[in-house]
2 protein chains.
Amino acid sequence: MNGRKPMKLEDELKQKTFGSPYRRMVVNVMFTGNWLQKAFSCQLKQYGLSLQQNNVLGILRGQYPNPATLGLIQERMLDRDSNATRLVDKLLEKGLVTRCQCADNRRKVDIVITEKGLELLKQTDTIMQNLEEKYSQITPEEAVQIGELMDKLREREG
Amino acid sequence: MNGRKPMKLEDELKQKTFGSPYRRMVVNVMFTGNWLQKAFSCQLKQYGLSLQQNNVLGILRGQYPNPATLGLIQERMLDRDSNATRLVDKLLEKGLVTRCQCADNRRKVDIVITEKGLELLKQTDTIMQNLEEKYSQITPEEAVQIGELMDKLREREG
DNA sequence: AAACATAAGTTGTATATACAACTATATGGG
DNA sequence: CCCATATAGTTGTATATACAACTTATGTTT
């Protein structure tokens with residue numbers, strides 16, 4: 001009725017079965033996470049940004065007009081192992097952020113998004129939103145539910 | 001009651017809100033996918049295998065005792081952009097696979113998992129399974145549901 | 001205040017990823 | 001049969017990731 005092509009995990013990975021529902025779930029979340037990241041980073045490329053760089057700009061906007069330290073950025077990044085120093089280097093080269101030693105604590109560096117950075121983010125917001133609209137086969141209720149299930153999946157022993 | 005520590009996405013990324021349910025869903029699936037991959041690859045490291053290498057071994061076991069070509073491996077990998085040639089190189093160095101030119105079609109290469117490879121997989125199966133059991137706060141029904149929702153999320157225009 | 005420990009970033013390096021260019025083989029007309 | 005085209009892998013390279021070692025600055029003891 002709506003022209004969507006269902007692509008089950010079994011079809012994607014050309015595998016007949018995945019043993020247990022848990023195995024299938026785990027593989028499916030990994031696969032779908034990668035699939036989403038590629039869709040987004042592919043769109044971002046036209047603006048010369050990687051997914052992580054866009055992520056950092058978003059964090060900086062959240063602090064604006066206050067500065068953020070590298071530590072703050074790192075703990076909020078989607079992928080914490082990315083090297084925040086070098087990501088910020090790249091953004092600095094492009095004039096999207098400023099960086100200077102923090103006056104109070106000279107170990108820290110204050111990073112602030114520039115006007116140019118804010119402008120660029122406005123543009124990438126649009127493509128993010130366009131991409132999100134492509135998932136409209138998922139109802140808002142299901143979107144909420146997926147979010148809740150992901151949170152539950154990450155719960156761990158206290 | 002069961003000592004689990006809930007870690008909502010908002011806590012993980014120290015963000016108050018995610019705009020829309022769709023945005024939260026997308027970010028959460030990406031984040032959770034990465035989170036899972038790290039948990040698995042961290043465990044695999046003790047066997048000197050990366051997640052992708054383990055993935056390739058699994059694919060080869062699926063074909064065993066028949067050979068697989070690089071093309072077949074590539075289309076079944078979780079991350080298709082990984083360079084199958086070089087992944088197989090690594091497995092070859094470790095004696096986990098054999099590789100030889102296909103007799104019928106000399107463009108192709110036949111790759112077969114070795115006994116050593118099969119043995120190693122048995123061990124990594126165990127750790128995979130142990131990890132999966134850690135997600136028992138998710139009921140089997142919910143695991144099925146997550147799988148279905150991931151499939152639905154990836155549906156696209158025909 | 002000197003010595004030790006901790007914190008915040010930076011740098012180095014090995015490996016992995018993304019993507020394009022290249023080589024070798026096979027296939028299908030004319 | 002020869003040439004164009006397609007197929008199957010390989011290689012090169014720029015960027016990114018993972019992780020450890022290293023600076024420099026701050027805090028804490030005694």
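Proteins come first, then strands; the chains are lettered A, B, ... in the order of their sequence lines, and each starts at number 1.
In this structure, Q74(B) places its CD atom 9 Å from C1' of dG9(D), rounding to the nearest Å. Residue L70(B) contributes atom CG, which lies 11 Å from atom P of dA8(D) at whole-angstrom precision. Separating the CD1 atom of I111(B) from the C1' atom of dG9(D) is a distance of 10 Å, rounded to the nearest angstrom. The CG atom of L72(B) sits 9 Å away from the P atom of dG9(D) (whole-angstrom rounding). Regarding N105(B), its CG atom lies at a distance of 11 Å from the C1' atom of dG9(D), rounded to whole Å. In this structure, CG of D110(B) is placed 13 Å from C1' of dG9(D), rounded to the nearest angstrom. Going from atom NZ of K108(B) over to atom P of dT10(D) covers 13 Å, rounded to whole Å. Atom-to-atom, CD1 of I73(B) to P of dG9(D) comes out at 9 Å; the value is rounded to the nearest Å.
Between the N28(A) side chain and the G147(B) main chain, a donor and an acceptor come within less than 3.5 Å of each other. Judged by distance alone, the side chain of T114(B) and the main-chain N or O of G95(B) form a donor-acceptor pair under 3.5 Å. Looking at Y22(A), its side chain does come within 3.5 Å of a backbone N or O of I138(B) through a donor-acceptor pair.
When distances run from any side-chain atom of T85(B) to the nucleotides dA8(D), dT10(D), dA8(C), the shortest one goes to dT10(D).
Hydrophobic clustering places L57(A) together with F18(B) (ILVMFWY residues linked when any side-chain heavy atoms are closer than 4.5 Å, directly or through intermediates). Under the 4.5 Å side-chain heavy-atom criterion for ILVMFWY residues, no single connected hydrophobic cluster contains both V29(A) and V144(A).
The base of dT24(D) is not paired with the side chain of R107(A) by any donor and acceptor separated by under 3.5 Å.
Checked by atom type, the side-chain pair N130(A)/Q43(A) shows no donor-acceptor distance below 3.5 Å. Between the side chains of Q101(B) and K108(B), no donor-acceptor pair of N or O atoms lies under 3.5 Å.
Residue T69(A) has a polar side-chain atom (N or O) positioned under 4.0 Å from OP1 or OP2 of dG9(C).
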Item to complete: Scan nucleotides 12-20 of chain D nucleotide by nucleotide, 5' to 3', and note B when protein non-hydrogen atoms come under 4.0 Å of the base, S if they reach only the sugar-phosphate, - if neither.
Response: BB--SSBB-

